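See structure below.
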Amino acid sequence: MLDKHEKIARPALGHFARTELAILGTSCDQIKQLAYRCIQQLADSFAIAYVDADHPGADRQTEAGPDPQSALTYGATIGFTDKITHSQFEYSFIHRPRALGYERVEGHPVANSLQINSYLGSADLVLVNGNHFEAQGQVVVIDPAKPLTKKLGRLTQIKLVVLQTGVTEVPAEVKALLEPGVPVMALSESTRIIGWLRDYLLGRVPPLYGLVLAGGHSARMGQDKGLIQYHGRPQREHAHQMAQHFCTRTFVSCRADQSGELTDRGLATITDSFLGLGPLGGILSAFREHPDAAWLVLATDLPLLTDTTLAHLVQHRQAQKIATAFVGNDGSGFPEPLISIWEPKAYPVLLQFLAMGYNCPRKVLINSDINLLEAPAPVEFTNVNLPAEHQVVLAKLDKQ
C-alpha cells in the first residue's frame with residue numbers, strides 16, 4: 001500500500017522536548033522543591049521548563065511553608081500545568097510571565113500533546129513531575145514513604161538516583177535497572193545534584209553539520225559563484241573542505257539540476273525542497289532532512305574566509321541559543337547569517353518567521369535569542385557578487 005503523504009524526518013522529541021527528565025519516587029511537593037532548586041541555579045545558563053499537574057487532593061506539606069506562585073518565580077522560561085478543568089501554559093518574556101489558558105469549552109479543542117510539544121520544544125530542559133507524567137529520562141528519588149513498586153515500568157532510562165534523608169541503599173529492584181555509571185547522591189547534596197544536571201545538559205550538544213550554500217543563480221556575477229576558483233579549486237569545494245575541519249558531516253545545498261554533478265565530484269548534497277526562498281530555503285531544506293543537527297552555514301561568495309574565523313565561531317558556539325553568529329562588516333551592527341551556526345531549536349523559529357511572510361535569515365537572527373560575536377577579521381566577510389568585486393579580491397589574494 002502506497003503512503004498517502006511523503007515521509008519526512010521528525011525531530012527526536014520525547015513526550016515534551018528533546019531533553020526531558022521526570023523526577024519521581026517521592027511526594028509532589030518534594031519533586032517540585034527539587035525542580036525549583038535546580039531551575040533557580042541553572043536559569044542563567046539554560047532555558048528550563050517545568051511540567052506538573054494540579055488536582056484536588058494532591059499531597060501537600062503545608063507545614064513546609066507557602067507554595068510558590070509558579071516555576072517562573074524561580075527562573076523557568078515556560079511552565080505547563082494540567083489543572084484538570086483546563087490546561088495552563090505560563091511563559092516568561094523578558095522576565096514578565098504571561099499565561100495562556102486552554103478552557104474545556106464544548107466544540108473547542110484543548111491543548112494536545114503536539115501543541116504542548118511545540119511550546120516546550122524551545123527549552124534546553126523540561127523537568128517533569130514523574131508522579132503524573134512520563135519522560136524519556138528519569139531522576140529517581142528513593143523515599144520509603146513513596147515506594148516505586150508500581151512505577152518500575154516508567155524507569156526506562158534512569159540518569160540519576162537521589163536518596164531521601166536517612167536512606168543509604170538503592171533497592172534491588174531499582175539497582176537492577178541501572179546502567180553502569182549512573183550516579184547516586186543524597187537529596188541534601190543540592191550542589192552536587194545541580195552540578196550533575198549542568199554537566200548533563202552541557203553534554204547534550206547537538207552534532208554540528210556543515211552546509212555550503214551553492215544553489216543560487218549568481219545573476220549579478222554572470223557565472224556560477226560556486227565554480228569560481230580563488231584557492232586552486234571551485235569555491236564551493238573550498239568552502240566544503242573548510243567546513244569539514246569542524247563538522248561531523250558536510251553537505252552542499254543545491255538546486256535539483258546541480259545535484260548529479262556535485263555527487264559525481266564526491267560531495268554530499270541536500271537538494272532545495274523549499275523553493276524560491278534564497279538562503280533560507282537551503283537552511284530549511286537542511287533541517288528538513290536532519291532536524292536534530294546544528295548547521296554551520298557558509299555562503300560561497302566569501303573567498304577571504306579562513307579556518308581561523310570558523311574556528312572562532314565553533315569555539316564560541318552556544319547551543320542554548322538558537323544561533324551563534326558574527327556581527328557583519330557593513331557597519332549596521334546586524335548579524336551575518338551566512339557564516340553562522342543554527343541550532344535545532346531554530347528550525348521551528350525559521351518556519352514561524354516564514355509563516356509570517358519573512359524569508360530573510362538576518363531578520364530571524366535580529367529578532368531572536370542568539371549569541372552574537374565580534375569577528376576577529378571582519379575583512380573576511382567581503383562578499384563577491386559582481387565581476388568588479390571578483391577582480392579586486394583576486395588582486396588581493398595575489399598579493400598575499
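Computed from a predicted structure; not experimentally measured. Note that these values count all heavy atoms, side chains included, but never hydrogens, waters or copies made by symmetry. Count residues from 1 along the sequence.
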- Message: Could you walk me through whether Gln136 and Thr156 satisfy the side-chain hydrogen bond (donor to acceptor under 3.5 Å, both in side chains) test, starting with their C-alpha distance in whole Å, then the side-chain angles of each, then the deciding distance to 0.1 Å, before giving a yes or no?
- Response: CA-CA 7 Å; Gln136 285 183 320; Thr156 56; over 6 Å; no
- Message: Run the side-chain hydrogen bond (donor to acceptor under 3.5 Å, both in side chains) test on Arg236 and Thr300 for me, step by step, so that the C-alpha distance in whole Å, both residues' side-chain angles and the decisive distance to 0.1 Å come before the verdict.
- Response: CA-CA 6 Å; Arg236 64 192 184 188; Thr300 55; over 6 Å; no
- Query: Are any side-chain N or O atoms of Ser285 and backbone N or O atoms of Ser273, one a donor and one an acceptor, separated by less than 3.5 Å?
  - Reply: yes
- Transitive ILVMFWY side-chain link Val141 to Ile194, under 4.5 Å: yes
- For the pair Asp124 and Lys345, find out whether any cationic side-chain nitrogen is under 4.0 Å from an anionic carboxylate oxygen. yes
- Message: Can you confirm whether or not the ring centre of Tyr50 sits under 6.0 Å from the ring centre of Phe80?
- Response: no
- Under 4.5 Å between any side-chain heavy atoms of Trp342 and Val297, yes or no? yes
- Query: Salt-bridged, Arg362 to Asp330, with N to O below 4.0 Å?
  - Reply: yes
- Message: Does either side chain, that of Thr306 or that of Glu380, offer a donor lying less than 3.5 Å from an acceptor on the other one?
- Response: yes
- Task: Give a yes or no on whether the backbone of Ile158 and the side-chain of Glu179 come within a donor-acceptor separation of less than 3.5 Å.
- Result: no
- Query: Hey, which of Arg154, Lys146, Lys151 is the one that makes side chain to side chain donor-acceptor pair (under 3.5 Å) with Asn131?
  - Reply: Lys151
- Item | Gap between atom CG of Asn359 and atom CG of Leu350 - 0.5 Å precision | 11.0 Å
- Query: If you count the non-hydrogen atoms of other residues, nucleotides and ligands that lie under 6.0 Å from OH in Tyr358, is the total more than 12?
  - Reply: no
- Query: When clusters are formed by joining ILVMFWY residues with side-chain heavy atoms under 4.5 Å apart, either directly or through shared neighbours, do Leu277 and Phe287 land in the same one?
  - Reply: yes
- Query: In terms of hydrophobic clusters joined by side-chain contacts under 4.5 Å, are Leu280 and Ile366 together?
  - Reply: no
- Assess whether side-chain contact (heavy atoms from CB on, under 4.5 Å) is satisfied between Asp301 and Leu338, documenting all intermediate values. CA-CA 10 Å; Asp301 57 2; Leu338 304 185; 5.8 Å; no
- Query: Between Glu343 and Arg18, is there a side-chain N and carboxylate O pair less than 4.0 Å apart?
  - Reply: no
- Query: Does some side-chain heavy atom of Ile341 sit less than 4.5 Å from a side-chain heavy atom of Val314?
  - Reply: yes
- Rounded to the nearest 0.5 Å, what separation is found between the CG atom of Asp143 and the CG atom of Leu187? 8.5 Å
- Output for pair (Ile142 CD1, Gln164 CD), nearest 0.5 Å, gives 10.5 Å
- Search all heavy atoms of Thr382 against all heavy atoms of Pro303 and return the closest pair with its distance. O-CD, 4.1 Å
- Message: Contact between Leu296 and Leu211 at the side-chain level, heavy atoms closer than 4.5 Å - yes or no?
- Response: no
- Under the side-chain contact (heavy atoms from CB on, under 4.5 Å) criterion, do Val139 and Tyr200 qualify, and how do the steps go? CA-CA 12 Å; Val139 173; Tyr200 177 74; over 6 Å; no
- Message: Are Ile339 and Leu310 packed together at the side-chain level, in the sense that at least one heavy-atom pair is separated by less than 4.5 angstrom?
- Response: yes
- Item | Over 12 foreign heavy atoms within 6.0 Å of CZ, Arg233 | yes
- Message: Show me the pairs that pass ring-ring contact (aromatic ring centres under 6.0 Å, His included) and involve residues 245-281, at least two apart or across chains.
- Response: Phe251-His290, Phe251-Trp295
- Task: Any chance you could measure His240, atom NE2, to Gln235, atom CD, to the nearest 0.5 Å?
- Result: 13.0 Å
- Exam field: side chain Gln258 to backbone Arg255, donor-acceptor pair closer than 3.5 Å: yes
- Message: If I compare all heavy atoms of Ile78 with all of Ser122, which pair ends up nearest, and what's the gap?
- Response: CD1-OG, 3.9 Å
- Hey, can you tell me if His312 and His316 have their rings parallel, tilted or perpendicular (30° and 60° cut-offs)? tilted
- Message: Testing the basics here: between Leu305 and Phe381, what is the closest heavy-atom pair and its distance to 0.1 Å?
- Response: CD1-CE2, 4.3 Å
- Check: Ala186 main-chain N/O paired with Glu189 side-chain donor or acceptor under 3.5 Å: yes
- Message: Would a single hydrophobic cluster contain both Leu24 and Leu197, if residues Ile, Leu, Val, Met, Phe, Trp and Tyr are joined by side-chain heavy-atom contacts under 4.5 Å?
- Response: no
- Message: Test side-chain contact (heavy atoms from CB on, under 4.5 Å) on Leu298 and Leu213; report intermediate values, then the result.
- Response: CA-CA 6 Å; Leu298 297 180; Leu213 298 174; over 6 Å; no
- Query: Linking I/L/V/M/F/W/Y whenever their side-chain heavy atoms sit closer than 4.5 Å, directly or via other members, would Ile370 and Ile283 fall into one cluster?
  - Reply: yes
- Minimal heavy-atom distance between Cys38 and Ile193, with the atoms involved, is SG-CG2, 4.3 Å
- For the residue pair Leu372 and Leu365, establish whether any side-chain heavy-atom pair is separated by less than 4.5 Å. no
- Note on the structure: Distance col, row Ser368:OG vs Lys363:NZ, nearest 0.5 angstrom, shows 11.5 Å
- Message: Has Glu20 got a side-chain atom pairing as donor or acceptor with His15's backbone, closer than 3.5 angstrom?
- Response: yes
- Query: Do Val212 and Ser253 come close enough that some side-chain heavy atom pair is under 4.5 Å?
  - Reply: no
- Query: How about Leu152 and Leu177: do any of their side-chain heavy atoms sit closer than 4.5 Å?
  - Reply: yes
- Message: With no hydrogens and no angle check, just 3.5 Å: does a side-chain donor-acceptor pair link Arg317 and Thr324?
- Response: no
- Do you know the tightest heavy-atom contact between Val128 and Ala135? CG2-CB, 4.2 Å
- Item | Check against side-chain contact (heavy atoms from CB on, under 4.5 Å), Ser45 and Arg198 | CA-CA 9 Å; Ser45 302; Arg198 185 187 299 275; 3.5 Å; yes
- Query: Below 4.5 Å, heavy atoms only, C-beta onward: do Val174 and Leu148 meet side chain to side chain?
  - Reply: yes
- Message: Please give me the minimum heavy-atom distance between Ala22 and Phe133, naming the atom from each residue.
- Response: CB-O, 4.2 Å
- Pairs satisfying salt bridge (Lys or Arg N to Asp or Glu O under 4.0 Å), at least one member in residues 369-378, at least two apart: Lys321-Asp369
- Query: Between atom CG of Leu42 and atom OH of Tyr74, what is the distance when rounded to the nearest 0.5 Å?
  - Reply: 15.0 Å
